[in-house]
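See structure below.
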Amino acid sequence: MLDSLGNLKRTHYAGALRAAHEGQSVVLMGWVAGRRDLGNLIFVDLRDREGIAQIVFNKEAHPTAHWKAEQLRSEYVVAVEGRVMRRGKPNPELASGEVEVVASALHILNTSATPPFVIEDEISASEETRLRYRYLDLRRPQLQNNLALRHKVILEIRRAMDELGFYEVETPMLTRATPEGARDYLVPSRVHPGQFYALPQSPQIFKQILMISGLDRYFQIARCFRDEDLRADRQPDFTQLDVEMSFPTQDDVFGVIEQVMQRAWRVIGADVKIPFRRMLHQDAIRRYGSDKPDLRFGMELADVTPLFEAGRETLKFEGSVFALAAPGGASLSRKQLDELAEKAKSFGARAMYTIKVAPEGITSGLAKTLGEEAVKKIAEAAGAKAGDLVVAVAAQKQIKGTDNAALVAGQMRLHLAEKLRVIPSGQWDFVWLTGFPLFEWSTTEDRWVPAQHPFTGIIEEDLEKLETAPWEVRSKGYDLVLNGVELGSGSVRIHRADVQARLFRAIGLSDEQARSRFGFFLDALTYGTPPHGGIALGLDRTVMLMAGEKSLREVIAFPKTTAAQDLMADAPNTVPQEQLDELSIQVRLKNEE
RNA sequence: GGGGCCGUAGUUCAGUUGGUUAGAACGCGUGCCUGUCACGCACGAGGUCGCGGGUUCGAGUCCCGUCGGCCCCGCCA
């Protein structure tokens, strides 16, 4: 008993109706978001991409339309003809709440099975149910808004990049496996049995080659793939704003990105101040205990190791001690302090000490061991005010060349800030991090590995230490951090073949190995490579922050679970034997060995 | 690879010390209702307690394994 669409044309979006449309005849099309049947009067909430409008069916005025409206159920697809009327009692909850549509005709275009959850923003369904029925989840206004925002941000970025003289160039999705870095997703070749393509972890080498090709300024909204374990802010396939330019200084790259970000943020009506702050990597670690510091609030760390020296024997701690002041934390209960200490341990602390700074005085269990004077100095160093709680954590000295106590304290800083609600909202604190070491020591591989990727440029005066003191070599890399989230990283690159060769030797690759892995790129480098550099920004993360979301899944149309599965499409999955045969692939599961 | 939380009706959850026929809310179905907007009222349907094994006279509840979701560490050049 379904109606056909026929020649019916939509005149307005339901969600776009306003008082100004009063008196107009309209045709709306959308989904039944709700129905309130009062008998001879039926109210239907009609939802489309732009929002919701209330439709009224009156048995006296339009008996046929009313009779049909009695058959409506949730998520039926309908077309409504009617007149926009001002409401006696407006609904301030709805953007269209000043008006309603008095229906003269109703066309039921399709029915719907009863959905597994009610489609509204105050979603109660589990993440699992939402992902399995993603097409229903995506009908929710919040996700519609997020995808609309994503579209507008990408559009604005493309406009800005174009105006800045960048060409968008597509690079292959089927490419070759990269030996360093993340695990590759492999794609078997039918034409070349036993050989594999890899999906790109990033277009890194291609964009550098585009600079060698003389494109001068390249960008791409690029899909990237990394077969690593997931997090709330990490998906196996994700999108980067990938940028590369020739003859740049670091400031040129920063300037381009600052302008692009400023324009992108205007999409949400935010005025981002440029240029962004800059900070040395070592300062970020020392002051915030993180290489992606959240600068929306203070609570800076203080290295109080010297003040603890007197208690090193008694307290039995190793390494150093970092302290910070938690605003208003003095009121935390005994139980909350115990939980805090648990948390510190889970972050890798050997021990946690606290000092309560009350108006009537400073109290701490540390006074016995370190003395009143030292306790007071620790509180002062942390910048504690009356009512604060000073938290000091001790941890084993070094991890990957950075002070672990600082990193633990940095995690405590974030934990406490969230717990005590001191993080302001609506604030955008961008910061460029520079001065990264070129290498970090890999304990698993027992060698120096590039902290970023092996094409990252090297500060000229450190070049001579490449072979003698690699740990002292600084890179030309940089990270862009926003509100404690790493948005992306980039560098001015190595453009000389001889320097690139030295770098490969420094990370333990023989010339033959380097040649077999990167041969084509090393060849390209010898044919007049211009100085070049760029950056790659996580677009999903950018939109996530702008949308105020805590998970990437809220800004990606079809995301994967923490086990990298698509619950809706049921991927990955097995394939028929014939398909494997054609690819010369034999499957042998690990636990069958 | 490791740690934490969770899995009971379509959905979100409750379920005592292991004990009769496993409950609530929302949703769903039927009926009534002309100003609702979380409509209201009445009645009703709806369960492989994730799955497998074990302990027990008896398991949603205890034990072991396994599968799935979320968060974190490792990992993510």
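Letters A, B, ... are given to chains in the order of the sequence lines, protein chains preceding strands, and every chain is numbered from 1. Reckoned from all heavy atoms, side chains included, excluding hydrogens, waters and symmetry mates.
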If you only use heavy atoms from C-beta on, which nucleotide in B/rG1, B/rG69, B/rG35 is closest to the side chain of A/Leu567? B/rG69
Between A/Lys89 and B/rU36, does any side-chain N or O lie under 4.0 Å from OP1 or OP2? yes
Please state whether the base of B/rG74 and the side chain of A/Arg231 form at least one donor-acceptor pair under 3.5 Å? yes
Could one point to a donor on the side chain of A/Asp45 or the base of B/rC37 with an acceptor on the other under 3.5 Å away? no
Looking for any heavy atom pair under 4.0 Å, which part of the strands does A/Arg87 touch: base, sugar-phosphate only, or nothing? base
Go through B/rC37, B/rC71, B/rU34 for me and flag the one nearest to the A/Glu60 side chain. B/rU34
Stacked pair A/Phe117-B/rU11, distance under 5.5 Å, angle under 30°: no
Side chain to side chain contact (heavy atoms under 4.5 Å, CB included) partner of A/Thr434, chosen from A/Gln250, A/His281, A/Arg474: A/Gln250
Identify the heavy atoms of A/Arg234 and A/Leu552 that sit nearest to each other, and give their distance. N-CD2, 3.5 Å
Nearest listed nucleotide, side chain of A/Arg73, among B/rG74, B/rG35, B/rU30: B/rU30
Considering only atom C1', compute the distance from B/rU56 to B/rU48 and round it to an integer number of Å. 22 Å
Aromatic rings A/Tyr133 and A/Tyr135: how do their planes relate, parallel, tilted or perpendicular, breaks at 30° and 60°? perpendicular
Grab the two heavy atoms, one from A/Phe238 and one from A/Phe225, that are nearest each other, plus how far apart they are. CE2-N, 4.3 Å
Looking only at side-chain atoms of A/Gln54, point me to the closest of B/rC75, B/rC37, B/rC28. B/rC37
Base-pairing mate for B/rG68 - Watson-Crick or G-U, with both contacts under 3.5 Å: B/rC6
Side-chain-base donor-acceptor pair under 3.5 Å for A/Asp37 and B/rC33: yes
Quick one: the side chain of A/Arg234 and the base of B/rC75, do they pair up donor-acceptor inside 3.5 Å? yes
Nearest to the side chain of A/Pro116, which nucleotide is it out of B/rG10, B/rG35, B/rC70? B/rG10
Tell me whether the OP1 or OP2 atom of B/rG69 has a side-chain N or O from A/Thr561 closer than 4.0 Å. yes
